[in-house]
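First the structure, in the form of structure tokens, and then the observations on it.
Because the structure is predicted, anything quoted here is derived from the model rather than measured.
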Amino acid sequence: MRQFHLAAAAVVSLLLAGCSKPGGDTSSGGSAGSTPAASTPAPTDAEKQALLAALPAPYNTGDLMNGQSKFALCRSCHTITEGGPDMTGPNLYGVFGRKAGGKPGYKYSPAVAAAGFDWDAEHLDKWLDNPRGFMPGTKMTFAGLHDPKDRIDLIAYLKVETGYKPPNG
């Protein structure tokens with residue numbers, strides 16, 4: 001049984017390593033030695049809370065700390081800072097309202113490139129639940145985040161952290 005656990009741990013390590021690019025720590029959203037080309041200062045905690053409150057239901061009740069925790073599942077393949085690098089997956093800054101498969105400079109799978117919709121919370125919710133079920137042919141290997149509350153929290157976190165501006169009105 002111990003050998004099975006060691007083998008399973010080795011497989012998981014290899015899978016996670018396959019999602020990241022060489023170059024060091026990317027926990028801050030950039031690669032080692034790079035500085036994001038951020039033209040906008042990061043929002044303060046008060047600004048984040050105001051943006052969260054301005055989101056439509058149910059995202060306005062999202063738990064940003066849980067969303068940040070769930071984003072840890074995505075961090076090995078995605079960055080979220082303005083000007084952050086693409087990794088195995090594209091940088092997600094500005095993702096809301098962007099055409100699926102439309103980030104310049106990133107090579108998407110044919111399925112995503114031909115998706116024909118703009119990313120919004122509803123599409124992202126379906127994607128996060130089951131990427132390969134939602135869009136067969138995607139190269140994304142993420143198994144999915146099946147708890148609806150975790151997806152609400154993650155989407156709220158992404159909206160707050162990726163430059164989303166709620167519509168006026």
Side-chain angles (χ1 to χ4, degrees), residues 11-23 26-31 34 36-40 51-52 54-60 62 64 66-169:
V11 168
V12 169
S13 296
L14 287 172
L15 289 173
L16 290 175
C19 285
S20 61
K21 281 191 171 180
T26 58
S27 61
S28 66
S31 59
S34 73
S39 59
T40 309
L51 181 53
L52 177 67
L55 296 177
Y59 305 103
N60 61 341
L64 295 181
N66 186 48
Q68 181 179 28
S69 171
K70 296 308 167 194
F71 184 71
L73 300 168
C74 314
R75 191 173 303 281
S76 64
C77 297
H78 295 280
T79 60
I80 59 172
T81 56
E82 184 175 9
D86 294 330
M87 295 172 53
T88 301
N91 173 279
L92 299 177
Y93 192 88
V95 68
F96 292 99
R98 183 166 67 206
K99 176 121 352 244
K103 183 177 181 300
Y106 183 79
K107 184 167 174 50
Y108 291 91
S109 63
V112 175
F117 63 83
D118 291 344
W119 285 112
D120 58 20
E122 293 74 27
H123 283 103
L124 190 56
D125 182 68
K126 292 175 186 171
W127 172 266
L128 290 170
D129 181 38
N130 183 356
R132 291 181 176 220
F134 175 66
M135 195 175 303
T138 181
K139 66 182 181 179
M140 187 162 149
T141 59
F142 181 61
L145 187 60
H146 305 299
D147 182 303
K149 177 66 170 130
D150 286 343
R151 291 195 310 273
I152 288 168
D153 295 346
L154 177 55
I155 291 168
Y157 173 76
L158 288 172
K159 282 185 177 256
V160 167
E161 295 292 332
T162 63
Y164 173 79
K165 302 290 184 229
N168 293 330

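- Judged by distance alone, the side chain of H78 and the main-chain N or O of L92 form no donor-acceptor pair under 3.5 Å.
- Side-chain atoms of R151 come within 3.5 Å of backbone N or O of L145 as a donor-acceptor pair.
- Below 30°, between 30° and 60°, or above 60°: for F134 and W119 the angle between ring planes is between 30° and 60°, a tilted geometry.
- Here the straight-line distance linking atom SG of C74 with atom CG of L154 works out to 5.0 Å at 0.5 Å rounding.
- Residues satisfying the ring pair (Phe, Tyr, Trp, His ring centres under 6.0 Å) test with F142, not counting sequence neighbours, are none.
- Judged by distance alone, with hydrogens and angles left aside, the side-chain atoms of R132 form no donor-acceptor pair with the main-chain N or O of A143 at under 3.5 Å.
- For K126, the NZ atom is loosely surrounded, since the number of other residues' heavy atoms within 6.0 Å does not exceed 12.
- When side chains are defined from C-beta on, L51 does not count as touching K159, because their heavy atoms never get closer than 4.5 Å.
- Looking only at distances, a side-chain donor or acceptor of N91 sits under 3.5 Å from a matching main-chain atom of T81.
- Classification of the Y164-F96 ring pair by plane angle, with boundaries at 30° and 60°, yields perpendicular.
- In terms of modelled atom types and a separation under 3.5 Å, the side chain of Y106 and the main chain of T88 share a donor-acceptor contact.
- Contacts classified as salt bridge (Lys or Arg N to Asp or Glu O under 4.0 Å) and involving residues 102-120 (residues at least two apart or in different chains) are given here: D86-K103, K99-D118.
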